[in-house]
Asker: 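Below is one structure. I have some questions about it.
Because only heavy atoms are used, hydrogens play no part in the values below, and waters and symmetry mates are left out as well, while side chains stay in.
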Protein chains: 2
Amino acid sequence: MSEISRNGTGGGGQPGRIGIGLELDHIHLKILEVLRENGRISVAALAERVGISRANAYTRFEALRADGAIKRFTAEIDHVRAGLGITALIFVTVRQQMWKQFRAELARMPEVEYCAITTGQHDAMIQVRVADVAAVHSMVTERLAHIPAVKATETVFILDEVLKRPYVLPGDGDRPRTSRRPAPEPQGDVPLGKMRFVGAAEGRAALRKDT
Amino acid sequence: MSEISRNGTGGGGQPGRIGIGLELDHIHLKILEVLRENGRISVAALAERVGISRANAYTRFEALRADGAIKRFTAEIDHVRAGLGITALIFVTVRQQMWKQFRAELARMPEVEYCAITTGQHDAMIQVRVADVAAVHSMVTERLAHIPAVKATETVFILDEVLKRPYVLPGDGDRPRTSRRPAPEPQGDVPLGKMRFVGAAEGRAALRKDT
DNA sequence: GTTGAAATTAGTACGAA
DNA sequence: TTCGTACTAATTTCAAC
(Lines give C-alpha, C1' and ligand atoms only; values in the text may rest on other atoms or scores of the structure.)
Protein backbone atom coordinates (compact mmCIF):
# COMPACT_ATOMS: atom_id res chain seq x y z
CA MET A 1 0.00 0.00 0.00
CA SER A 2 2.87 2.29 0.69
CA GLU A 3 5.01 1.15 -2.15
CA ILE A 4 5.08 4.16 -4.41
CA SER A 5 5.69 4.31 -8.07
CA ARG A 6 9.14 4.57 -9.44
CA ASN A 7 9.46 8.21 -10.23
CA GLY A 8 12.29 8.19 -12.67
CA THR A 9 14.14 10.71 -10.61
CA GLY A 10 17.47 9.51 -11.79
CA GLY A 11 16.68 9.64 -15.46
CA GLY A 12 16.76 12.70 -17.57
CA GLY A 13 14.08 15.15 -16.59
CA GLN A 14 12.29 16.54 -19.57
CA PRO A 15 11.57 20.09 -18.44
CA GLY A 16 8.50 21.07 -20.35
CA ARG A 17 6.73 17.75 -20.63
CA ILE A 18 4.31 16.77 -17.92
CA GLY A 19 4.37 13.01 -17.71
CA ILE A 20 2.46 11.07 -20.30
CA GLY A 21 -1.07 11.68 -19.09
CA LEU A 22 -3.08 14.83 -19.39
CA GLU A 23 -1.42 18.14 -19.96
CA LEU A 24 -1.54 20.24 -16.82
CA ASP A 25 -2.42 23.82 -17.47
CA HIS A 26 -2.11 26.62 -14.96
CA ILE A 27 -5.60 25.93 -13.65
CA HIS A 28 -4.70 22.35 -12.89
CA LEU A 29 -1.68 23.57 -10.99
CA LYS A 30 -3.78 26.04 -9.08
CA ILE A 31 -6.14 23.26 -8.11
CA LEU A 32 -3.23 21.21 -6.84
CA GLU A 33 -1.98 24.23 -4.97
CA VAL A 34 -5.24 24.63 -3.11
CA LEU A 35 -5.64 20.92 -2.52
CA ARG A 36 -2.24 20.42 -0.98
CA GLU A 37 -3.04 23.14 1.55
CA ASN A 38 -6.50 21.89 2.31
CA GLY A 39 -7.16 18.37 1.20
CA ARG A 40 -10.66 18.38 2.61
CA ILE A 41 -11.97 21.43 0.82
CA SER A 42 -15.21 20.83 -1.03
CA VAL A 43 -15.09 20.88 -4.78
CA ALA A 44 -17.54 23.77 -4.71
CA ALA A 45 -15.26 25.88 -2.57
CA LEU A 46 -12.30 24.76 -4.64
CA ALA A 47 -14.01 25.99 -7.79
CA GLU A 48 -14.55 29.36 -6.24
CA ARG A 49 -10.97 29.72 -5.05
CA VAL A 50 -9.60 28.73 -8.43
CA GLY A 51 -12.08 30.86 -10.31
CA ILE A 52 -13.86 28.25 -12.39
CA SER A 53 -17.32 26.77 -12.40
CA ARG A 54 -18.36 23.90 -10.18
CA ALA A 55 -18.81 21.45 -13.02
CA ASN A 56 -15.42 22.31 -14.42
CA ALA A 57 -13.85 21.83 -11.05
CA TYR A 58 -15.42 18.39 -10.72
CA THR A 59 -14.18 17.41 -14.15
CA ARG A 60 -10.65 18.56 -13.51
CA PHE A 61 -10.61 17.14 -10.02
CA GLU A 62 -11.56 13.74 -11.32
CA ALA A 63 -9.10 13.99 -14.18
CA LEU A 64 -6.24 14.78 -11.81
CA ARG A 65 -7.21 11.87 -9.63
CA ALA A 66 -7.60 9.45 -12.53
CA ASP A 67 -4.38 10.57 -14.14
CA GLY A 68 -2.49 9.99 -10.95
CA ALA A 69 -1.30 13.56 -10.58
CA ILE A 70 -3.07 13.41 -7.23
CA LYS A 71 -1.93 10.20 -5.67
CA ARG A 72 -4.01 10.35 -2.52
CA PHE A 73 -5.33 12.55 0.20
CA THR A 74 -3.90 12.24 3.63
CA ALA A 75 -3.93 13.74 7.09
CA GLU A 76 -0.75 15.18 8.50
CA ILE A 77 -0.37 13.93 12.00
CA ASP A 78 1.64 15.35 14.86
CA HIS A 79 4.01 12.51 15.66
CA VAL A 80 4.83 13.84 19.06
CA ARG A 81 1.18 13.90 20.07
CA ALA A 82 0.83 10.47 18.59
CA GLY A 83 3.59 9.23 20.87
CA LEU A 84 6.43 9.03 18.37
CA GLY A 85 8.68 11.83 19.47
CA ILE A 86 11.93 10.60 17.99
CA THR A 87 12.82 10.88 14.34
CA ALA A 88 16.03 9.49 12.92
CA LEU A 89 17.68 9.07 9.57
CA ILE A 90 19.47 5.84 8.88
CA PHE A 91 21.82 5.75 5.94
CA VAL A 92 22.20 2.25 4.69
CA THR A 93 24.80 0.59 2.54
CA VAL A 94 23.14 -2.25 0.72
CA ARG A 95 24.91 -5.34 -0.54
CA GLN A 96 24.84 -5.54 -4.30
CA GLN A 97 22.05 -7.55 -5.83
CA MET A 98 20.16 -7.82 -2.61
CA TRP A 99 17.91 -4.86 -3.16
CA LYS A 100 14.85 -6.98 -3.56
CA GLN A 101 15.32 -8.47 -0.13
CA PHE A 102 16.05 -5.07 1.32
CA ARG A 103 12.82 -3.66 -0.07
CA ALA A 104 10.84 -6.62 1.20
CA GLU A 105 12.20 -6.20 4.71
CA LEU A 106 11.48 -2.50 4.67
CA ALA A 107 7.83 -3.11 3.97
CA ARG A 108 7.69 -5.07 7.19
CA MET A 109 8.94 -2.20 9.31
CA PRO A 110 6.04 0.04 10.23
CA GLU A 111 8.28 2.61 11.88
CA VAL A 112 9.81 3.49 8.54
CA GLU A 113 8.11 6.52 7.10
CA TYR A 114 10.29 7.13 4.11
CA CYS A 115 12.98 5.33 2.18
CA ALA A 116 14.85 6.62 -0.84
CA ILE A 117 17.68 5.20 -2.87
CA THR A 118 20.39 7.77 -3.25
CA THR A 119 23.64 8.45 -4.97
CA GLY A 120 26.63 9.20 -2.80
CA GLN A 121 28.44 7.40 -0.07
CA HIS A 122 25.44 5.38 1.03
CA ASP A 123 22.86 3.55 -1.02
CA ALA A 124 19.65 4.36 0.77
CA MET A 125 18.28 6.70 3.37
CA ILE A 126 15.44 5.69 5.61
CA GLN A 127 13.54 7.88 8.00
CA VAL A 128 12.02 6.31 11.09
CA ARG A 129 9.69 7.59 13.77
CA VAL A 130 9.71 5.92 17.13
CA ALA A 131 8.87 6.61 20.75
CA ASP A 132 12.34 6.91 22.21
CA VAL A 133 16.01 6.77 21.32
CA ALA A 134 16.32 3.24 22.61
CA ALA A 135 13.85 2.17 19.97
CA VAL A 136 16.13 3.58 17.29
CA HIS A 137 18.99 1.63 18.70
CA SER A 138 17.07 -1.62 18.86
CA MET A 139 15.68 -1.03 15.41
CA VAL A 140 19.13 -0.59 13.91
CA THR A 141 20.96 -3.27 15.81
CA GLU A 142 18.21 -5.87 16.03
CA ARG A 143 16.18 -5.41 12.90
CA LEU A 144 18.35 -3.80 10.25
CA ALA A 145 21.52 -5.58 11.22
CA HIS A 146 19.79 -8.91 10.77
CA ILE A 147 19.05 -8.21 7.15
CA PRO A 148 21.79 -9.80 5.07
CA ALA A 149 21.29 -7.16 2.42
CA VAL A 150 22.41 -4.48 4.86
CA LYS A 151 26.14 -4.05 4.78
CA ALA A 152 26.43 -1.04 7.08
CA THR A 153 24.39 1.75 8.56
CA GLU A 154 24.92 5.25 9.81
CA THR A 155 22.33 6.85 12.03
CA VAL A 156 21.70 10.50 12.74
CA PHE A 157 18.93 12.02 14.79
CA ILE A 158 16.64 14.77 13.68
CA LEU A 159 16.69 17.55 16.21
CA ASP A 160 14.12 19.76 14.57
CA GLU A 161 12.06 19.79 11.44
CA VAL A 162 12.37 23.31 10.18
CA LEU A 163 10.28 23.11 7.07
CA LYS A 164 7.84 20.65 5.64
CA ARG A 165 5.81 21.54 2.62
CA PRO A 166 2.89 19.30 1.71
CA TYR A 167 4.10 19.12 -1.80
CA VAL A 168 6.31 21.25 -3.92
CA LEU A 169 4.80 22.37 -7.19
CA PRO A 170 6.21 24.06 -10.25
CA GLY A 171 5.68 27.78 -10.29
CA ASP A 172 5.72 28.17 -6.54
CA GLY A 173 6.92 31.67 -5.99
CA ASP A 174 6.62 32.46 -9.70
CA ARG A 175 10.18 31.32 -10.20
CA PRO A 176 10.57 28.79 -12.98
CA ARG A 177 12.32 25.77 -11.54
CA THR A 178 14.07 24.88 -14.75
CA SER A 179 17.69 25.77 -15.13
CA ARG A 180 17.79 29.35 -16.21
CA ARG A 181 21.14 29.18 -17.81
CA PRO A 182 21.71 32.96 -17.96
CA ALA A 183 23.80 32.87 -14.77
CA PRO A 184 24.10 36.64 -14.39
CA GLU A 185 27.10 36.62 -12.13
CA PRO A 186 29.54 34.03 -13.47
CA GLN A 187 30.90 33.03 -10.10
CA GLY A 188 32.42 35.88 -8.28
CA ASP A 189 32.19 35.59 -4.54
CA VAL A 190 31.05 31.99 -4.29
CA PRO A 191 33.31 29.47 -2.60
CA LEU A 192 32.43 26.76 -5.08
CA GLY A 193 34.99 24.47 -3.58
CA LYS A 194 32.73 24.01 -0.60
CA MET A 195 29.93 22.61 -2.72
CA ARG A 196 30.16 18.89 -3.29
CA PHE A 197 28.07 16.88 -5.67
CA VAL A 198 28.23 13.22 -4.91
CA GLY A 199 27.46 10.80 -7.69
CA ALA A 200 26.70 7.13 -7.52
CA ALA A 201 29.29 5.17 -5.59
CA GLU A 202 30.16 1.96 -7.32
CA GLY A 203 28.47 0.62 -10.41
CA ARG A 204 25.06 1.39 -9.09
CA ALA A 205 23.60 2.64 -12.33
CA ALA A 206 21.41 -0.35 -13.06
CA LEU A 207 20.30 -0.75 -9.49
CA ARG A 208 17.31 1.48 -9.60
CA LYS A 209 15.14 -1.49 -10.27
CA ASP A 210 15.40 -4.53 -8.04
CA THR A 211 18.04 -6.97 -9.02
CA MET B 1 2.66 28.71 6.31
CA SER B 2 5.04 25.86 6.02
CA GLU B 3 6.97 26.53 9.15
CA ILE B 4 6.11 23.61 11.34
CA SER B 5 6.13 23.43 15.05
CA ARG B 6 9.22 22.46 16.89
CA ASN B 7 8.59 18.87 17.71
CA GLY B 8 11.05 18.29 20.44
CA THR B 9 12.52 15.37 18.60
CA GLY B 10 15.82 15.80 20.28
CA GLY B 11 14.46 15.79 23.79
CA GLY B 12 13.68 12.74 25.76
CA GLY B 13 10.70 10.89 24.42
CA GLN B 14 8.30 9.93 27.13
CA PRO B 15 7.01 6.61 25.85
CA GLY B 16 3.57 6.35 27.33
CA ARG B 17 2.60 9.99 27.48
CA ILE B 18 0.85 11.47 24.51
CA GLY B 19 1.75 15.13 24.43
CA ILE B 20 -0.03 17.48 26.77
CA GLY B 21 -3.42 17.65 25.11
CA LEU B 22 -6.11 15.04 25.08
CA GLU B 23 -5.30 11.45 25.79
CA LEU B 24 -5.45 9.42 22.63
CA ASP B 25 -7.20 6.13 23.07
CA HIS B 26 -7.22 3.33 20.55
CA ILE B 27 -10.25 4.79 18.81
CA HIS B 28 -8.45 8.07 18.25
CA LEU B 29 -5.57 6.17 16.75
CA LYS B 30 -7.89 4.23 14.53
CA ILE B 31 -9.41 7.46 13.30
CA LEU B 32 -5.95 8.79 12.49
CA GLU B 33 -5.17 5.55 10.72
CA VAL B 34 -8.17 5.87 8.44
CA LEU B 35 -7.64 9.56 7.88
CA ARG B 36 -4.04 9.25 6.84
CA GLU B 37 -5.07 6.77 4.15
CA ASN B 38 -8.02 8.76 2.96
CA GLY B 39 -8.02 12.36 4.05
CA ARG B 40 -11.20 13.14 2.20
CA ILE B 41 -13.39 10.47 3.71
CA SER B 42 -16.66 11.80 5.08
CA VAL B 43 -17.11 11.75 8.80
CA ALA B 44 -20.10 9.46 8.34
CA ALA B 45 -18.02 6.88 6.49
CA LEU B 46 -15.23 7.37 9.01
CA ALA B 47 -17.61 6.60 11.86
CA GLU B 48 -18.66 3.40 10.16
CA ARG B 49 -15.12 2.24 9.49
CA VAL B 50 -14.05 2.96 13.05
CA GLY B 51 -17.17 1.48 14.54
CA ILE B 52 -18.58 4.45 16.42
CA SER B 53 -21.61 6.67 15.99
CA ARG B 54 -21.60 9.63 13.69
CA ALA B 55 -22.00 12.09 16.52
CA ASN B 56 -19.06 10.57 18.33
CA ALA B 57 -16.99 10.64 15.19
CA TYR B 58 -17.68 14.34 14.76
CA THR B 59 -16.70 15.03 18.35
CA ARG B 60 -13.46 13.09 18.15
CA PHE B 61 -12.62 14.42 14.73
CA GLU B 62 -12.95 17.97 15.97
CA ALA B 63 -11.02 17.18 19.13
CA LEU B 64 -8.11 15.76 17.15
CA ARG B 65 -8.08 18.79 14.93
CA ALA B 66 -8.34 21.26 17.80
CA ASP B 67 -5.69 19.46 19.79
CA GLY B 68 -3.29 19.58 16.89
CA ALA B 69 -2.88 15.84 16.60
CA ILE B 70 -4.11 16.35 13.06
CA LYS B 71 -2.09 19.21 11.71
CA ARG B 72 -3.71 19.49 8.31
CA PHE B 73 -5.11 17.62 5.38
CA THR B 74 -3.19 17.55 2.19
CA ALA B 75 -3.09 16.03 -1.28
CA GLU B 76 -0.16 13.90 -2.26
CA ILE B 77 0.95 14.96 -5.68
CA ASP B 78 2.95 13.08 -8.25
CA HIS B 79 5.96 15.33 -8.72
CA VAL B 80 6.93 13.78 -11.99
CA ARG B 81 3.52 14.47 -13.48
CA ALA B 82 3.71 17.94 -12.03
CA GLY B 83 6.95 18.51 -13.90
CA LEU B 84 9.42 18.14 -11.05
CA GLY B 85 11.15 14.90 -11.88
CA ILE B 86 14.35 15.45 -9.96
CA THR B 87 14.67 15.06 -6.22
CA ALA B 88 17.88 15.75 -4.38
CA LEU B 89 19.11 15.86 -0.83
CA ILE B 90 21.45 18.63 0.14
CA PHE B 91 23.36 18.25 3.37
CA VAL B 92 24.32 21.61 4.72
CA THR B 93 26.90 22.69 7.23
CA VAL B 94 25.66 25.86 8.84
CA ARG B 95 27.86 28.51 10.36
CA GLN B 96 27.34 28.77 14.08
CA GLN B 97 24.86 31.35 15.26
CA MET B 98 23.54 31.99 11.81
CA TRP B 99 20.64 29.59 12.00
CA LYS B 100 18.09 32.33 12.01
CA GLN B 101 19.34 33.63 8.70
CA PHE B 102 19.50 30.13 7.31
CA ARG B 103 15.89 29.48 8.25
CA ALA B 104 14.77 32.76 6.77
CA GLU B 105 16.47 32.02 3.47
CA LEU B 106 14.96 28.56 3.36
CA ALA B 107 11.48 29.95 3.57
CA ARG B 108 12.19 31.84 0.39
CA MET B 109 13.07 28.73 -1.58
CA PRO B 110 9.90 27.15 -2.91
CA GLU B 111 11.74 24.13 -4.28
CA VAL B 112 12.57 23.01 -0.77
CA GLU B 113 10.10 20.43 0.40
CA TYR B 114 11.68 19.41 3.64
CA CYS B 115 14.40 20.62 5.94
CA ALA B 116 15.53 19.00 9.15
CA ILE B 117 18.31 19.81 11.57
CA THR B 118 20.33 16.72 12.27
CA THR B 119 23.10 15.37 14.39
CA GLY B 120 26.12 13.98 12.62
CA GLN B 121 28.62 15.30 10.18
CA HIS B 122 26.28 17.90 8.71
CA ASP B 123 23.92 20.27 10.43
CA ALA B 124 20.88 20.15 8.22
CA MET B 125 19.40 18.12 5.43
CA ILE B 126 17.16 19.69 2.86
CA GLN B 127 15.17 17.92 0.20
CA VAL B 128 14.44 19.73 -3.04
CA ARG B 129 12.27 18.93 -6.03
CA VAL B 130 13.10 20.51 -9.36
CA ALA B 131 12.61 19.96 -13.06
CA ASP B 132 16.10 18.89 -14.04
CA VAL B 133 19.56 18.27 -12.67
CA ALA B 134 20.78 21.63 -13.87
CA ALA B 135 18.27 23.24 -11.55
CA VAL B 136 19.82 21.43 -8.61
CA HIS B 137 23.20 22.70 -9.59
CA SER B 138 22.04 26.27 -9.97
CA MET B 139 20.12 26.05 -6.75
CA VAL B 140 23.17 24.90 -4.80
CA THR B 141 25.77 27.11 -6.41
CA GLU B 142 23.70 30.22 -6.95
CA ARG B 143 21.21 30.25 -4.13
CA LEU B 144 22.63 28.25 -1.25
CA ALA B 145 26.20 29.30 -1.77
CA HIS B 146 25.17 32.92 -1.49
CA ILE B 147 23.84 32.45 1.99
CA PRO B 148 26.56 33.44 4.45
CA ALA B 149 25.15 31.00 6.98
CA VAL B 150 25.98 28.12 4.66
CA LYS B 151 29.50 26.90 5.24
CA ALA B 152 29.44 23.87 2.97
CA THR B 153 27.06 21.56 1.19
CA GLU B 154 26.99 18.02 -0.05
CA THR B 155 24.43 16.97 -2.61
CA VAL B 156 23.13 13.53 -3.44
CA PHE B 157 20.40 12.62 -5.88
CA ILE B 158 17.43 10.45 -5.11
CA LEU B 159 17.21 7.68 -7.66
CA ASP B 160 14.04 6.11 -6.40
CA GLU B 161 11.60 6.58 -3.58
CA VAL B 162 10.97 3.10 -2.34
CA LEU B 163 8.59 3.80 0.46
CA LYS B 164 6.57 6.75 1.60
CA ARG B 165 4.02 6.37 4.30
CA PRO B 166 1.57 9.20 4.88
CA TYR B 167 2.29 9.11 8.53
CA VAL B 168 3.68 6.58 10.87
CA LEU B 169 1.52 5.87 13.88
CA PRO B 170 2.12 3.95 17.07
CA GLY B 171 0.80 0.42 16.96
CA ASP B 172 1.26 0.00 13.25
CA GLY B 173 1.76 -3.69 12.81
CA ASP B 174 0.83 -4.35 16.44
CA ARG B 175 4.46 -4.03 17.39
CA PRO B 176 5.03 -1.63 20.26
CA ARG B 177 7.54 0.92 19.06
CA THR B 178 8.99 1.44 22.49
CA SER B 179 12.24 -0.22 23.30
CA ARG B 180 11.42 -3.71 24.39
CA ARG B 181 14.47 -4.27 26.42
CA PRO B 182 14.24 -8.09 26.59
CA ALA B 183 16.75 -8.50 23.77
CA PRO B 184 16.29 -12.26 23.35
CA GLU B 185 19.51 -12.88 21.52
CA PRO B 186 22.22 -10.86 23.22
CA GLN B 187 24.20 -10.17 20.06
CA GLY B 188 25.33 -13.30 18.40
CA ASP B 189 25.68 -12.98 14.66
CA VAL B 190 25.37 -9.25 14.34
CA PRO B 191 28.30 -7.26 13.01
CA LEU B 192 27.68 -4.40 15.40
CA GLY B 193 30.86 -2.73 14.29
CA LYS B 194 29.16 -1.84 11.05
CA MET B 195 26.47 0.14 12.78
CA ARG B 196 27.41 3.73 13.42
CA PHE B 197 25.49 6.18 15.53
CA VAL B 198 26.52 9.70 14.82
CA GLY B 199 25.92 12.27 17.51
CA ALA B 200 26.03 16.02 17.28
CA ALA B 201 29.23 17.30 15.77
CA GLU B 202 30.52 20.30 17.65
CA GLY B 203 28.74 21.98 20.53
CA ARG B 204 25.44 21.97 18.73
CA ALA B 205 23.33 21.11 21.74
CA ALA B 206 21.78 24.51 22.22
CA LEU B 207 21.26 25.11 18.56
CA ARG B 208 17.88 23.52 18.26
CA LYS B 209 16.30 26.90 18.69
CA ASP B 210 17.45 29.80 16.56
CA THR B 211 20.40 31.67 17.87
C1' DG C 1 -17.18 25.74 -20.19
C1' DT C 2 -21.05 27.76 -17.56
C1' DT C 3 -25.33 28.26 -14.95
C1' DG C 4 -29.25 26.66 -12.21
C1' DA C 5 -32.33 23.31 -10.09
C1' DA C 6 -33.09 18.39 -8.02
C1' DA C 7 -31.37 14.66 -5.30
C1' DT C 8 -28.30 13.16 -2.17
C1' DT C 9 -25.34 13.63 1.50
C1' DA C 10 -23.05 16.05 5.18
C1' DG C 11 -23.18 18.63 9.51
C1' DT C 12 -25.73 20.10 13.79
C1' DA C 13 -28.61 19.86 17.80
C1' DC C 14 -30.86 17.54 21.22
C1' DG C 15 -32.91 14.01 24.11
C1' DA C 16 -32.23 9.24 25.87
C1' DA C 17 -29.49 5.42 27.38
C1' DT D 1 -19.55 9.69 27.13
C1' DT D 2 -21.86 7.71 23.61
C1' DC D 3 -25.76 6.76 20.65
C1' DG D 4 -29.86 7.62 17.71
C1' DT D 5 -32.85 10.58 15.46
C1' DA D 6 -34.62 14.59 13.39
C1' DC D 7 -33.58 19.07 11.40
C1' DT D 8 -30.87 22.30 8.65
C1' DA D 9 -27.38 23.42 5.49
C1' DA D 10 -24.34 22.17 2.09
C1' DT D 11 -22.54 19.50 -1.62
C1' DT D 12 -22.75 16.69 -5.79
C1' DT D 13 -25.07 15.43 -9.84
C1' DC D 14 -27.43 16.30 -13.95
C1' DA D 15 -29.72 18.86 -17.12
C1' DA D 16 -30.12 22.72 -20.42
C1' DC D 17 -27.85 26.84 -22.12
Asker: Kindly state each residue pair satisfying ring pair (Phe, Tyr, Trp, His ring centres under 6.0 Å) with at least one member in residues 38-64 of chain A, sequence neighbours excluded.
Answerer: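 Matches after skipping sequence neighbours: Phe61(A)-Phe73(A).
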Asker: Mind checking side chain to side chain contact (heavy atoms under 4.5 Å, CB included) for Ala45(B) and listing every partner two or more places apart, or none if nothing turns up?
Answerer: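 Counting only residues at least two positions away or on another chain, Ala45(B) forms a side chain to side chain contact (heavy atoms under 4.5 Å, CB included) with Ile41(B), Ser42(B).
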Asker: With axes from five pairs an end, tell me the bend angle of the helix from dG1(C)-dC17(D) to dA17(C)-dT1(D), nearest 10°.
Answerer: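 For the helix from dG1(C)-dC17(D) to dA17(C)-dT1(D), the axes at opposite ends meet at about 30°.
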Asker: I'd like to check the ring-ring contact (aromatic ring centres under 6.0 Å, His included) partners of Phe197(B); sequence neighbours left out, ordered by chain and number.
Answerer: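 Applying ring-ring contact (aromatic ring centres under 6.0 Å, His included) to Phe197(B) gives His137(A).
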Asker: Near DNA chain D, which residues from residues 46-61 of chain B have a heavy atom under 4.0 Å away?
Answerer: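 The answer is Ile52(B), Ser53(B), Arg54(B), Ala55(B), Asn56(B), Arg60(B).
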Asker: Just so I know, are the side chains of Met195(B) and Thr155(A) near enough to count as touching, which here means a heavy-atom distance under 4.5 Å?
Answerer: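 In short, these two side chains do not touch, never coming nearer than 4.5 Å.
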Asker: Do Arg72(A) and Asp78(B) sit within salt-bridge range, that is, some charged N less than 4.0 Å from a carboxylate O?
Answerer: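 No.
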Asker: Salt bridge (charged side-chain N to carboxylate O under 4.0 Å, His left out) with Arg40(B): which residues, sequence neighbours excluded?
Answerer: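 Once residues adjacent in sequence are excluded, Arg40(B) has no partner under the salt bridge (charged side-chain N to carboxylate O under 4.0 Å, His left out) criterion.
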Asker: List the residues meeting salt bridge (charged side-chain N to carboxylate O under 4.0 Å, His left out) with Glu113(B), not counting sequence neighbours, and say none if there are none.
Answerer: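 Checked Glu113(B) against salt bridge (charged side-chain N to carboxylate O under 4.0 Å, His left out); matches are Arg129(B).
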Asker: What residues, two or more places apart in sequence or in another chain, satisfy salt bridge (charged side-chain N to carboxylate O under 4.0 Å, His left out) together with Arg54(A)?
Answerer: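 Applying salt bridge (charged side-chain N to carboxylate O under 4.0 Å, His left out) to Arg54(A) gives none.
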Asker: Below 4.0 Å from chain B heavy atoms, what is the first contacting nucleotide of DNA chain C and what is the last?
Answerer: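 Going 5' to 3' along DNA chain C, contacts run dA10(C) to dT12(C).
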Asker: Can you name the residues that form a side chain to side chain contact (heavy atoms under 4.5 Å, CB included) with Ala149(A), not counting sequence neighbours?
Answerer: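 Ala149(A) satisfies side chain to side chain contact (heavy atoms under 4.5 Å, CB included) with Val94(A), Met98(A), Gln101(A), Phe102(A), Ile147(A) once adjacent residues are dropped.
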Asker: Salt bridge or not for Arg60(A) and Asp67(A), using N-O below 4.0 Å?
Answerer: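 Salt bridge between Arg60(A) and Asp67(A), a charged N being under 4.0 Å from a carboxylate O: no.
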Asker: Using the ring centroid of each side chain, check whether Phe91(B) and Phe91(A) are separated by less than 6.0 Å.
Answerer: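 Ring centroids of Phe91(B) and Phe91(A) are less than 6.0 Å from each other.
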Asker: What is the first contacted nucleotide of DNA chain D and what is the last, in 5' to 3' order, if contact means an atom lying under 4.0 angstrom from a heavy atom of chain B?
Answerer: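 Contact span on the strand: dT2(D) to dA6(D).
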Asker: List in chain and number order the residues that pass salt bridge (charged side-chain N to carboxylate O under 4.0 Å, His left out) with Glu33(A), two or more places apart in sequence or in another chain; answer none if no residue qualifies.
Answerer: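 For Glu33(A), no residue satisfies salt bridge (charged side-chain N to carboxylate O under 4.0 Å, His left out) once neighbours in sequence are set aside.
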